[in-house]
Amino acid sequence: MSTEIQDPEVGFDKQANNARMLDQILSSDDGMQKEAATAGTNMIRRRIREEGFTRRIIPPQTVTNDDLDRVVTHDRPVIIEDMEPLSKGAKTMPFGDSADTEFYYGNKFVCLFDVVTTPEFTKDINELRTYRMDLRQVITDNSLKDVQTQEDGNFIATCDQIVGASNGVGASGLQQNFVIPYAITRELYVDSLSYLENANLNNGVYLMNRKTGKEFLKMDRDEIGGDLAVETFKMGLEALTEAHAFAA
């Protein structure tokens, strides 16, 4: 019995034709075209999965049993970390006066643990024999990215809880959530840097989605300066991957 699949109307060998098209694409001079063509023959992807951003902002740390602490309220392991204590500032006083007495204490906080997991995938090994792609590797890669997506969601939820609503105050008792209702301009970008600095907090990392990031592509040479305007026009957001926040 022949295993060749042909179109019943025109007798067209789809598999052979696809192979010829693949050979032509891979023999082209465009390296990017080769890479995209090869990836496209593996499978048809349903949606885009990306690497998570939380691990880039807060690099994960490996924890051992020696690092764990216990508490009296439950049996789950925790880690107790130290926090910078509050202290009164210096003052000016005349000769003959004495300094105030201030007792100080160390502040601590408890780090709790949760498990991020995917379903336990199972498959009869005999059912994998006919796949042209490595189905196990695909499921593994997608699951790892799904784990990072869940981590990102937990991170954003925690940040929202800390900073509070845009018209209120956060966990620190100060307003930490600000809304910029207009498109990003050079002036608004500088103003956004000032929000945290006015509260004596350091600007660390700007996290933004693609839609917000594309606002920077609208800036011309007069706004963004130098050749960066040209690079963002040609390379898109890739040109901003090495951008650094400035400090006054």
Side-chain angles (χ1 to χ4, degrees), residues 39 42-86 105-179 196 199 201-213 237-238 241 245:
N42 294 333
M43 60 181 174
I44 297 176
R45 296 190 179 273
R46 295 179 179 269
R47 62 186 179 90
I48 297 176
R49 287 180 169 88
E50 298 180 323
E51 300 290 339
F53 53 77
T54 299
R55 299 189 180 194
R56 298 185 181 185
I57 299 175
I58 304 179
Q61 298 181 6
T62 302
V63 174
T64 65
N65 289 335
D66 296 334
D67 300 318
L68 301 176
D69 298 302
R70 60 181 183 173
V71 293
V72 297
T73 55
H74 55 76
D75 290 335
R76 296 187 298 275
V78 302
I79 292 182
I80 299 177
E81 294 286 357
D82 297 319
M83 183 182 296
E84 180 185 12
L86 298 175
Y105 303 91
N107 298 105
K108 305 178 183 67
F109 63 94
V110 177
C111 294
L112 303 176
F113 293 92
D114 288 307
V115 177
V116 178
T117 182
T118 63
E120 184 175 344
F121 297 100
T122 181
K123 187 72 171 175
D124 190 325
I125 190 172
N126 292 307
E127 296 178 351
L128 297 173
R129 301 183 188 279
T130 59
Y131 282 93
R132 293 181 176 85
M133 64 179 178
D134 190 343
L135 184 60
R136 293 173 296 179
Q137 187 63 45
V138 172
I139 292 294
T140 300
D141 293 342
N142 288 346
S143 297
L144 291 176
K145 292 180 180 178
D146 289 339
V147 167
Q148 295 188 34
T149 299
Q150 181 62 37
E151 292 175 349
D152 293 343
N154 295 341
F155 175 73
I156 293 298
T158 302
C159 291
D160 290 340
Q161 183 179 4
I162 292 174
V163 303
S166 59
N167 57 351
V169 297
S172 65
L174 301 174
Q175 183 180 2
Q176 294 179 276
N177 190 340
F178 301 90
V179 176
L196 292 180
L201 297 174
N202 183 43
N203 284 304
V205 177
Y206 259 79
L207 175 64
M208 64 183 69
N209 56 36
R210 286 193 183 95
K211 184 176 181 180
T212 303
L237 299 181
E238 290 293 329
T241 55

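- Heavy-atom contacts from other residues, nucleotides or ligands closer than 6.0 Å to CZ of Phe178 number more than 12.
- Here CZ of Phe113 is found 3.5 Å from CD1 of Ile79. Values are rounded to the nearest 0.5 Å.
- At a threshold of 4.5 Å between non-hydrogen side-chain atoms, the residues Thr118 and Val147 count as touching.
- In this structure, Met133 and Val138 have side chains that are in contact, with non-hydrogen atoms separated by less than 4.5 Å.
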Please assess Phe53 against Ile156 for the test side chain to side chain contact (heavy atoms under 4.5 Å, CB included), listing each intermediate value before the final yes or no. CA-CA 10 Å; Phe53 53 77; Ile156 293 298; 4.0 Å; yes
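- The distance from the CG atom of Asp141 to the CG atom of Asp134 is 8.5 Å, given to the nearest 0.5 Å.
- Ser166 approaches Val179 most closely through the heavy-atom pair CB-CG2, 3.5 Å.
- Side-chain contact check for Asp146 and Gln150: no donor-acceptor pair (N or O, by modelled atom type) lies under 3.5 Å.
- Distance alone, capped at 3.5 Å, places no donor-acceptor pair between the Glu151 side chain and the Gly153 backbone.
- Using modelled atom types, one side-chain atom of Asn177 and one backbone atom of Gly164 make a donor-acceptor pair closer than 3.5 Å.
- From Lys145, atom NZ reaches atom CG of Asp152 across 13.0 Å, with rounding to the nearest 0.5 Å.
- Counting only heavy atoms from C-beta outward, the side chains of Ile57 and Phe155 approach each other to under 4.5 Å.
- How far CD of Gln137 is from CD1 of Ile139: 10.5 Å, rounded to the nearest 0.5 Å.
- Put simply, the side chain of Arg49 does not reach to within 4.5 Å of the side chain of Thr149, judged on heavy atoms.
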Tell me, with the steps shown, if Asn209 and Thr212 meet side-chain hydrogen bond (donor to acceptor under 3.5 Å, both in side chains). CA-CA 5 Å; Asn209 56 36; Thr212 303; 2.9 Å; yes
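- Nearest heavy atoms, Pro77 versus Leu68: CB-CD1, 3.9 Å.
- Nearest heavy atoms, His74 versus Arg76: ND1-N, 3.1 Å.
- Thr64 and Asp67 form a side-chain donor-acceptor contact under 3.5 Å, judged by distance and modelled atom types alone.
- Nearest heavy atom pair, residue Gln148 against residue Glu51, reads NE2-OE1, 3.3 Å.
- Here Glu81 does not pair with Lys108 in a salt bridge; the nearest charged N to carboxylate O distance is not below 4.0 Å.
- You'll find the side chain of Lys123 reaches within 4.5 Å of the side chain of Leu128, heavy atoms only.
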